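Values below: all heavy atoms of this structure, side chains included; hydrogens, waters and symmetry mates excluded. Order of listing sets the numbers, starting from 1, for every ligand and every atom in it. Keep in mind that this is a model prediction, so the values were computed, not measured.
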Amino acid sequence: MAFTEKQEALVKDSWEILKQNILENSLRFFTIILEIAPAAKAMFSFLKDSDEIPQNNAKLKSHATKVFKMTCESALQLREKGEVIVSDTTLKYLGSVHVKNGVIDLHFEVVKEALLRTIKEAVGENWSEEMGCAWGEAYDQLAAAIKAEMKQEA
Ligand code: HEM
């Protein structure tokens with residue numbers, strides 16, 4: 001089914017809200033990831049050596065921001081072009097960085113769940129199933145591109 005203007009707007013508008021509090025939302029995102037999959041802690045350089053999630057870490061914020069922002073860009077591409085296109089260099093980098101850090105396909109489901117829950121909490125009463133589906137679809141297509149590249153790299 002085609003990705004509609006409304007779906008794109010649902011993603012874009014909630015990203016605008018999320019962005020205003022990106023540090024707090026990044027922390028929430030990683031807290032949820034570790035709640036679902038405690039073992040994921042060992043993969044992240046900024047998590048593995050401490051008992052608690054660092055409260056103000058540039059790398060943590062960077063990863064969370066990249067996941068949200070690239071999903072948002074994917075929503076735009078889905079509506080404009082009907083598919084998610086990641087530039088070759090970016091995709092190669094994403095493929096290798098994740099293979100190198102021991103990421104597997106299943107982790108993408110964990111991150112998806114954390115992404116959706118973070119958005120749901122951040123937008124409060126503005127949340128809708130439709131908003132969740134729009135984010136979910138854009139994320140799935142982006143994740144599929146990264147996972148395919150990871151298979152090439154492995
Ligand atoms: C690193 C993006 C999903 C684990 C990175 C980096 C990017 C990125 C751009 C390079 C470092 C940075 O700029 O922050 C993404 C995107 C994802 C995604 C767009 C999904 C759409 C995942 C998943 C996992 C994961 C599912 C595993 C739970 C990691 C790890 C690193 C990394 C362990 C190295 C970070 C470090 O220790 O500094 N990712 N990622 N990523 N990613 Fe992801």
**Study point:** Backbone N/O of I53 and side chain of Q55: donor-acceptor pair under 3.5 Å
**Key:** yes
Using a 4.0 Å cutoff against the non-hydrogen atoms of [X], which atoms of ligand 1 qualify?
X    : value
V111 : 23 (C), 26 (C), 28 (C)
L94  : 2 (C), 7 (C), 8 (C), 9 (C)
M43  : 27 (C), 28 (C), 33 (C)
K59  : 38 (O)
S62  : 12 (C), 13 (O), 14 (O)
L142 : 21 (C)
Y139 : 20 (C), 21 (C)

Practice item. Compute the ring centroids of F46 and H63, then answer whether they are less than 6.0 Å apart. Key: no
Are any of the side-chain heavy atoms of [X] and [Y] separated by less than 4.5 Å?
X    : Y    : result
V111 : Y139 : yes
F68  : I119 : yes
V103 : F108 : yes
L76  : R79  : yes

Exercise for review: Could you say whether the N/O atoms of H98 and ligand 1 ever approach to under 3.5 Å?
Suggested key: yes
Exercise for review: Please indicate whether any nitrogen or oxygen in K66 is less than 3.5 Å from any nitrogen or oxygen in ligand 1.
Suggested key: yes
Give the contacting part of [X] toward ligand 1: side chain, backbone, both or neither, where contact means a heavy-atom distance below 4.0 Å.
X   : value
T71 : neither
M70 : side chain
S45 : both

Exercise for review: Taking all non-hydrogen atoms of both residues into account, name the closest pair between A2 and Q7 and its distance.
Suggested key: O-OE1, 3.6 Å
**Study point:** Any V110 heavy atom less than 4.0 Å from ligand 1
**Key:** no
